[in-house]
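Okay, structure first, notes after.
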Amino acid sequence: MATSKQYKNIGEDLWKSRSEKINAELFALTYGALVVQLIQDYEDYTEVNKQLEKMGYNIGTRLIEDFLAKSGTGRCADFREVGEVVSKVGFKSFLNITPSITHSTAPPPPSPKPDGGTAATQASAGSTFTLTLDENPLAEFVELPEEALEGGLWFSNVLCGVIRGALEMVQMQVQADFISDVLRGDESTEIRVKLVKYLEEEVPVGDD
């Protein structure tokens with residue numbers, strides 16, 4: 001298990017070596033245009049949130065392979081380490097930001113199971129980490145109209161989908177949600193990621 005500082009260095013190295021960087025202003029404006037188009041198409045902010053999350057999920061399922069290949073990170077020892085990798089390597093290598101992270105462990109199970117292996121695998125289900133974004137490249141130049149605030153729009157909800165999609169590809173079912181956003185008048189922008197369960201690796205048909 002790498003240290004927090006080592007993960008930070010990995011993220012910085014990946015960002016520096018990334019040749020296909022996109023201009024931050026262009027990126028923000030392009031994403032903003034996408035959100036506006038979804039609002040016009042669906043005329044329902046709850047549905048726009050769902051569509052942004054779905055788009056992010058599809059992106060995450062594709063990014064993870066590139067991420068694993070370039071970062072060289074192996075299987076994480078626990079969900080706490082997952083949070084460190086997401087924050088210090090994932091966000092840094094793709095968006096050049098490093099959210100601060102707060103960990104919260106799950107309550108202990110009510111009773112131990114005789115099958116120790118299964119119990120250990122699911123032991124950290126319910127654990128959470130919260131990412132606090134001091135800066136958000138997606139939200140540059142954005143000011144939400146009152147209608148969007150009242151409708152409950154989470155402007156950067158695509159990020160929640162990316163996290164969910166990426167982690168699902170490495171056998172973790174998570175729930176990722178924005179719990180605050182400075183665009184909505186909150187003091188900080190925070191994403192909470194909760195581990196629902198570990199997924200069983202699928203065995204291809206015909207294999208033992």
Side-chain angles (χ1 to χ4, degrees), residues 18 20-67 82-83 86-87 90-102 125-126 128-197 199 202:
R18 187 172 290 280
E20 67 277 17
K21 295 186 184 78
I22 185 172
N23 177 275
E25 182 174 340
L26 174 62
F27 179 58
L29 294 174
T30 302
Y31 180 75
L34 168 66
V35 176
V36 170
Q37 186 61 54
L38 287 174
I39 292 172
Q40 293 174 348
D41 289 347
Y42 291 96
E43 300 181 344
D44 180 305
Y45 290 106
T46 299
E47 187 59 35
V48 171
N49 288 338
K50 291 179 181 178
Q51 292 299 320
L52 288 172
E53 202 277 345
K54 184 177 179 181
M55 287 180 180
Y57 173 85
N58 290 331
I59 293 170
T61 59
R62 289 162 173 76
L63 283 183
I64 186 66
E65 186 174 343
D66 174 71
F67 171 76
V82 171
V86 169
S87 168
F91 271 85
K92 181 64 180 182
S93 64
F94 288 110
L95 293 176
N96 195 28
I97 61 173
T98 305
S100 57
I101 185 167
T102 306
T128 66
F129 59 81
T130 301
L131 301 168
T132 302
L133 282 66
D134 295 323
E135 51 184 326
N136 180 3
L138 297 181
E140 293 289 334
F141 322 112
V142 175
E143 183 175 335
L144 295 182
E146 196 65 33
E147 180 184 339
L149 294 172
E150 293 175 356
L153 175 67
W154 292 109
F155 183 82
S156 305
N157 213 39
V158 69
L159 296 177
C160 293
V162 171
I163 294 171
R164 183 171 71 89
L167 293 183
E168 188 171 301
M169 292 297 100
V170 288
Q171 278 68 54
M172 277 174 278
Q173 182 181 337
V174 302
Q175 179 179 339
D177 300 289
F178 271 95
I179 55 176
S180 63
D181 190 344
V182 293
L183 291 180
R184 296 174 62 160
D186 299 316
E187 292 185 1
S188 60
T189 298
E190 297 178 310
I191 300 173
R192 179 176 295 152
V193 183
K194 177 181 179 180
L195 176 62
V196 177
K197 66 178 180 179
L199 303 171
E202 294 186 3

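These numbers come from the heavy atoms of this one structure, side chains and all, not from hydrogens, waters or symmetry mates.
- Atom CG in Leu52 sits 5.5 Å away from atom CG in Leu38 (nearest 0.5 Å).
- Remark: the backbone N or O of Trp154 is paired with a side-chain donor or acceptor of Asn49 at under 3.5 angstrom.
- The ring-ring contact (aromatic ring centres under 6.0 Å, His included) analysis of residues 36-62, with sequence neighbours excluded, yields no pairs.
- We find the CG-CG distance between Leu63 and Asn58 to be 11.0 Å, quoted to the nearest 0.5 Å.
- Annotation: the span from Glu53 atom CD to Asn157 atom CG amounts to 6.5 Å, rounded to 0.5 Å.
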Legend entry - CA sep, side-chain torsions, deciding dist, call: Val82, Val170, side chain to side chain contact (heavy atoms under 4.5 Å, CB included): CA-CA 11 Å; Val82 171; Val170 288; over 6 Å; no
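- In terms of heavy atoms, Val158 sits closest to Met55 at CG2-C, 4.4 Å.
- Listed by chain and number, the residues in a ring-ring contact (aromatic ring centres under 6.0 Å, His included) with Tyr31 are Phe155 (sequence neighbours excluded).
- Under the 4.5 Å side-chain criterion, counting only non-hydrogen atoms from C-beta, Asp41 is not in contact with Gln51.
- The environment of CD in Glu143 is sparse: at most 12 heavy-atom neighbours from other residues, nucleotides or ligands sit within 6.0 Å.
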Pairs of donor and acceptor atoms involving the side chains of residues 172-186, under 3.5 Å and at least two apart or interchain, shall be tabulated with distances.
| from | atom 1 | to | atom 2 | distance (Å) |
| --- | --- | --- | --- | --- |
| Gln175 | NE2 | Asp177 | OD2 | 2.9 |
| Ser180 | OG | Ser188 | O | 2.9 |
| Ser180 | OG | Glu190 | N | 3.3 |
| Ser180 | OG | Glu190 | OE1 | 3.3 |
| Asp181 | OD1 | Leu183 | N | 3.0 |
| Asp181 | OD1 | Thr189 | OG1 | 3.4 |
| Arg184 | NH1 | Leu153 | O | 3.4 |
| Asp186 | OD2 | Asp181 | N | 2.8 |

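- When all heavy atoms are compared, the tightest approach of Pro99 to Phe91 is CD-CB, 3.6 Å.
- In this structure, the separation between CZ on Arg192 and OG1 on Thr102 is 10.0 Å, given to the nearest 0.5 Å.
- To the nearest 0.5 Å, atom CD1 of residue Ile39 and atom CD of residue Gln37 are 10.0 Å apart.
- The shortest side-chain heavy-atom distance between Leu133 and Leu159 falls under the 4.5 Å cut-off.
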List the atom pairs, with distances to 0.1 Å, where a side-chain N or O of residues 134-141 and a protein N or O form a donor-acceptor pair under 3.5 Å, not counting sequence neighbours.
| from | atom 1 | to | atom 2 | distance (Å) |
| --- | --- | --- | --- | --- |
| Asn136 | OD1 | Leu138 | N | 3.0 |
| Asn136 | ND2 | Ser156 | OG | 2.8 |

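- Within the 3.5 Å criterion, the main-chain N or O of Leu26 finds a donor-acceptor partner in the side chain of Thr30.
- Partners of Asp44 by side-chain contact (heavy atoms from CB on, under 4.5 Å), not counting sequence neighbours, listed by chain and number: Thr46, Glu47.
- With rounding to the nearest 0.5 angstrom, the NZ atom of Lys54 is 10.5 Å from the CZ atom of Arg164.
- Partners of Glu146 according to the side-chain contact (heavy atoms from CB on, under 4.5 Å) rule, which considers only residues two or more places apart in sequence or in another chain, are Leu149, Glu150.
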